[in-house]
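Take a look at the structure set out below.
Throughout, a chain's letter reflects where its sequence line sits, starting with A, and its residues are numbered from 1.
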Amino acid sequence: MSDNGARAERLRQDGNDHFRRRNYTAAEACYSQALVQDPNMTAAYANRAMCRFFLTSHDASITDCDAVLARDPNYLKAHYYKSKNLLALGNVDEASTHALLAYEACVAQGADTSLKMTKEHLLVCRKERWDVKERRRRHAARAFEREMLGVLEREIERDVLEAAEGGSEAELAAVREEGNKRLADLRDVFERARAKDDVKREVPEWLIDDITYNVMLDPVMTPSGRSYERESITKFVEKAGTDPTTREPLSKSDLKPNRVLKDACSWFLDENGWAYDW
Amino acid sequence: MSAGMSGRRLMKELGKIHNDGLPPGIELVSSGESEADNSDWLLDIRVLDDNPLYKDQVYRLRFRFPKAYPIEPPEVTFENRPDRPIPMHPHVYSNGIICLDLLGSQGWSPVQSAQSVCMSIQSMLTSNNKNERPEGDEQFVKMNKSRPRDIQFLYDDNTV
């Protein structure tokens with residue numbers, strides 16, 4: 001290692017010491033100095049990205065994550081922290097994309113200890129994304145309702161004015177009554193459409209992981225043909241080494257992704273975002 | 001999201017019980033100190049047929065769920081109270097400790113639930129006709145200081 005490289009590594013270690021003591025400002029400074037010595041030190045960018053995330057310098061943190069990903073596109077923590085920053089900035093779509101990349105990197109690298117963390121973050125992103133979509137949809141629906149009611153109200157007003165000019169007292173009353181009935185009908189239509197949003201909050205059994213009772217995100221299948229969430233079955237297999245249903249010996253390598261079920265779960269969650277924390 | 005695995009899972013088991021009810025002869029008495037701590041449940045069970053050993057009796061089970069539940073099994077024991085005796089069974093010690101393979105770390109499966117464990121214990125009683133305690137009961141009850149999950153039972157007799 002060159003002198004510069006050795007100095008950079010020492011500075012990075014100093015940064016890590018500060019980081020462990022949660023002194024993020026001091027850690028960030030060390031990592032920056034390390035990068036002056038060695039501008040290609042991927043780990044220093046990744047570490048500084050974490051500091052900057054905790055210091056809520058989200059844009060700067062994302063820049064560091066990008067510097068890491070330019071050198072190593074499968075760097076788990078860079079995807080993870082990029083996603084966390086994006087989520088903090090309210091960019092739910094891109095946050096979801098990088099949360100998924102982090103989770104997939106985790107699975108591909110067999111980094112089981114990070115499986116829970118990355119999966120839960122992915123869930124948070126997806127939930128957040130659905131909430132945003134849902135809020136927008138409801139907002140648009142309410143605006144549309146107000147607009148339609150306004151159109152109808154103006155029309156009724158016109159009819160009433162016309163009747164007031166030419167017609168009798170009885171005619172005017174009839175026009176008023178007809179108008180109120182039409183308004184009530186229209187309100188009823190919107191009311192019923194809204195009610196549909198709140199019913200049928202049920203998750204089909206076959207999308208549910210029998211270990212956590214959550215909707216599955218990444219179902220994997222055992223040789224006996226049953227599917228479980230990757231994180232929960234991995235945990236059990238590491239502990240017990242058996243299939244939870246048949247009690248036959250089972251190891252991690254026996255677990256195969258169940259892609260069709262994964263698509264079904266993902267389709268269901270896209271339509272029913274409330275099920276993320278159901 | 002950051003809550004332990006057991007909290008959410010137990011919440012869901014409870015929700016299911018409140019929605020669908022429990023099978024005949026099983027009743028939930030309480031489900032923990034508070035909503036925040038639902039790790040300690042009490043359930044009453046009865047034997048449904050006319051088995052003279054258990055006729056007209058109600059037994060109380062205590063479930064203690066570890067944080068890693070359902071990856072790890074719950075600790076399940078019978079509780080002795082004036083109106084809730086400890087049932088007579090060759091696998092039930094007189095201090096309420098139950099020797100059942102599915103509750104041991106070897107026999108446990110995370111697809112089991114509080115409800116399915118109750119049903120297994122219920123059927124373990126139903127099918128028994130021996131009016132006796134496990135061998136060495138007196139000695140075991142006197143000496144045992146460990147918690148049920150730390151005891152190494154020998155599941156050598158699967159006929160009862």
> How close do A:K235 and B:I71 get, heavy atom to heavy atom, and via which atoms?
Replying inline: CB-CD1, 3.9 Å
> Do other residues, nucleotides or ligands put more than 12 heavy atoms under 6.0 Å from the CD atom of B:E138?
Replying inline: no
> Looking at OH of A:Y213 and CZ of B:R8, how far apart are the two atoms once the value is rounded to the nearest 0.5 Å?
Replying inline: 14.0 Å
Show me, pair by pair, the donor-acceptor contacts under 3.5 angstrom made by side chains of residues 86-101 of chain A, not counting sequence neighbours?
{"from": "A:N91", "atom 1": "OD1", "to": "A:E94", "atom 2": "N", "distance (Å)": "3.2"}
{"from": "A:N91", "atom 1": "ND2", "to": "A:E94", "atom 2": "OE2", "distance (Å)": "3.2"}
{"from": "A:S96", "atom 1": "OG", "to": "A:V92", "atom 2": "O", "distance (Å)": "2.9"}
{"from": "A:T97", "atom 1": "OG1", "to": "A:D93", "atom 2": "O", "distance (Å)": "3.1"}
{"from": "A:H98", "atom 1": "ND1", "to": "A:H79", "atom 2": "ND1", "distance (Å)": "3.0"}

> Just how far is it from atom OG of B:S113 to atom CD1 of A:I211, taken to the nearest 0.5 Å?
Replying inline: 13.0 Å
> At their closest point, which heavy atom of A:F236 faces which heavy atom of B:W108, and how far apart are they?
Replying inline: CZ-O, 3.5 Å
>> When you compare the side chain of A:N214 with that of B:K12, does any pair of heavy atoms fall below 4.5 Å?
In response: yes
>> Which residues in residues 219-232 of chain A have any heavy atom closer than 4.5 Å to a heavy atom of chain B?
In response: A:Y228, A:S232
> Taking atom CD of B:E27 as the centre, does the number of heavy atoms from other residues, nucleotides or ligands within less than 6.0 Å exceed 12?
Replying inline: no
> Which atom pair, heavy atoms only, marks the closest approach of B:Q106 to A:R247?
Replying inline: O-NH2, 3.2 Å
>> I need the minimum non-hydrogen distance between A:P244 and B:V111, along with the two atoms involved.
In response: O-CG2, 3.9 Å
>> Please determine whether the number of non-hydrogen atoms from other residues, nucleotides or ligands lying under 6.0 Å from atom CZ of B:R84 exceeds 12.
In response: yes
